[in-house]
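Below is one structure, written out as structure tokens; the observations come after it.
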Number of protein chains: 2
Amino acid sequence: MPRVTAEHRAARREQILVAAMDCVAREGFHKTTMAHVVSASGLSAGAVYGYFRSKEELISAIADRAVGMVGGVFARAAGQEAVPSPAEVVERVAASIEAQAADHGVDITRVAVAAWAEAVRDEQVHTVVAAKVGQLRERCLEIIRLQQRAGLVDPGGDPHQMAQAMLALFPGFILQRLILGDVTSASLGAGVAGLTYGPAATPAADHTGGSS
Amino acid sequence: MPRVTAEHRAARREQILVAAMDCVAREGFHKTTMAHVVSASGLSAGAVYGYFRSKEELISAIADRAVGMVGGVFARAAGQEAVPSPAEVVERVAASIEAQAADHGVDITRVAVAAWAEAVRDEQVHTVVAAKVGQLRERCLEIIRLQQRAGLVDPGGDPHQMAQAMLALFPGFILQRLILGDVTSASLGAGVAGLTYGPAATPAADHTGGSS
DNA sequence: CTGTCAAGAACGATCATTCGTTTTTATGCT
DNA sequence: AGCATAAAAACGAATGATCGTTCTTGACAG
């Protein structure tokens, strides 16, 4: 029995996964060859296939990780005690997405876009991504319910529909950011604030005191 | 000089393009092989390469067409005399996207998702898609300015930022529709209406009267 | 006839995957 | 403690299949 059993094995798997995500962020899923992944990971073809049975399995793992990271961002940015306005929630989540895109060596949002496209096409990836997106919208739903109780959004509206609308903003944020490059969390937050213009949103906005 | 010169030539090109879009909607850009396109178009490999110099050029043409169709939808749904509320605009555009997805044999939204992913990766497609998305946001901007004048959105807010926010909704709509499948133009419109809750938006929101 | 268009078999390149070999290391034995 | 051993892990060249593209051949209009 060489080396360790669980710890180093997980580390190697992570090493391959990170290298593969870097490739995918640059070239997408299908233009990324296993040779690229092998080269980027610093291992060999045989080693990579020791941790992932196929390229498909590797792609699923990447998609899961990428969408999951964006989801984690969501849970973190929203889990506050004071109930923020919709515009504030959107700005915080968008800011966390910006941070995620910059912090790591790889731009996670590029991988996420590739994962969306793959989810439309491949059943395996679809299952993985659908589950993560469903969890994301659950988070939205919780926030919306709090905001309804606080009178920040229409208390008579269907919270599920509002969660759909809130969640819908982020793919568009990511895409405009990647394709046009002139959108920031601040501009998106301000835009949402402008669209949700009305007295109901103002009292809460006063408390938290959003800057800029 | 056999056959016709311009008309039939354009028709052949269109025939190939439609066949290719059908393939892309089902399999994405990279899993679609030229052999598939050849088979679906009913022509031969040599003929296809007589109209498109390479697969890359075909992909660019498809991306241009797909994003352009969604953009046309936008211009049509928004070009009304009476100024609609943000929620109404969103619902109308989303409804037109739904119609586009169902009317043709091919689901154009699937092709659009593939085009986004390709725009992130390929410079040629990026240029094409960026131009179309820029035009789309110009349309948003015009609508926002009208809404500002009508007091439907914050008159003091930056219209560019609001246009960013409004446009951001549609990729998320398309993705939730394709991946989770439980979002409709009506639910999205109602959700936006609920989030933009306030006296300024209410008179218009009454009209739409979302069920549930 | 002649020049254009379509056909489709053939080609070279590329990619995912495998498998025989080599290296590494935990463990048993002295 | 030090060495031998077995098994797991890594290696990387070979493989079989697939894909984009080309090029020769045949058909048809002017």
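Each chain gets a letter, A, B and so on, in the order its sequence line appears, and its residues count up from 1. A quick note: this is a predicted structure, and the numbers were derived from the prediction, not measured. These numbers come from the heavy atoms of this one structure, side chains and all, not from hydrogens, waters or symmetry mates.
Of the residues in residues 15-35 of chain B, none lies under 4.0 Å from DNA chain C by heavy-atom distance.
Looking at the side chain of A/Y49, the nearest of the listed nucleotides C/dA16, D/dT21, D/dA10 is C/dA16.
Sorted by first and then second residue, the salt bridge (charged side-chain N to carboxylate O under 4.0 Å, His left out) pairs involving residues 30-53 of chain A (not counting sequence neighbours) are A/R53-A/E57.
Spacing between atom CZ of A/R13 and atom C1' of D/dA9 amounts to 16 Å, rounded to whole angstrom units. For A/K55 and C/dC15, the NZ to P distance is 9 Å, given to the nearest whole Å. Atom CZ in A/F52 sits roughly 16 Å away from atom C1' in C/dA16 (whole-Å rounding). If you measure from atom CD of B/E56 to atom P of D/dC19, you get 18 Å, rounded to the nearest angstrom. Between the CD1 atom of B/I59 and the P atom of D/dC19 there is a distance of 14 Å, given to the nearest Å.
In summary, B/R139 and B/E142 engage in a salt bridge, as defined by a charged side-chain N under 4.0 Å from a carboxylate O. Ion pairing of B/E118 with B/R121 is present here, as a side-chain N (NZ or NE/NH1/NH2) and a carboxylate O approach within less than 4.0 Å. Salt bridge annotation for B/D107-B/R177: absent, with no cationic side-chain nitrogen under 4.0 angstrom from a carboxylate oxygen.
Axis angle, first five pairs versus last five pairs of the helix from C/dC1-D/dG30 to C/dT30-D/dA1: 0°, rounded to 10°.
With sequence neighbours excluded, the residues satisfying salt bridge (charged side-chain N to carboxylate O under 4.0 Å, His left out) with B/D22 are B/R26. For A/F170, the ring pair (Phe, Tyr, Trp, His ring centres under 6.0 Å) partners at least two apart in sequence or on another chain are A/F74.
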Residue pair B/V192, B/E91: steps toward the side chain to side chain contact (heavy atoms under 4.5 Å, CB included) verdict: CA-CA 9 Å; B/V192 172; B/E91 180 166 346; over 6 Å; no
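Residue A/A117 comes nearest to B/V113 through the heavy atom pair CA-CG1, 3.6 Å, listed as atom of the first residue, atom of the second, then distance. For the pair A/H126 and B/I179, the tightest heavy-atom approach, listed with the atom from each and the gap, is CE1-O, 3.2 Å.
One finds a side-chain N or O of B/Y51 lying less than 4.0 angstrom from the OP1 or OP2 phosphate oxygen of C/dA6. Between C/dA6 and B/R12, a contact under 4.0 Å exists linking OP1 or OP2 to a side-chain N or O.
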Sub-3.5 Å pairs of nitrogen or oxygen atoms, protein against nucleotides 12-16 of chain D:
unit_1 : atom_1 : unit_2 : atom_2 : d
D/dG12 : O6     : A/G46  : N      : 3.3

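How far OG1 of A/T32 is from CG of A/L58: 9.5 Å, rounded to the nearest 0.5 Å.
For B/G42 and A/H36, each mapped to the nucleotide of DNA chain C holding its nearest heavy atom, the one lying further toward the 5' end belongs to B/G42.
For B/E14, the CD atom sits in a packed shell: over 12 heavy atoms of surrounding residues, nucleotides or ligands are nearer than 6.0 Å.
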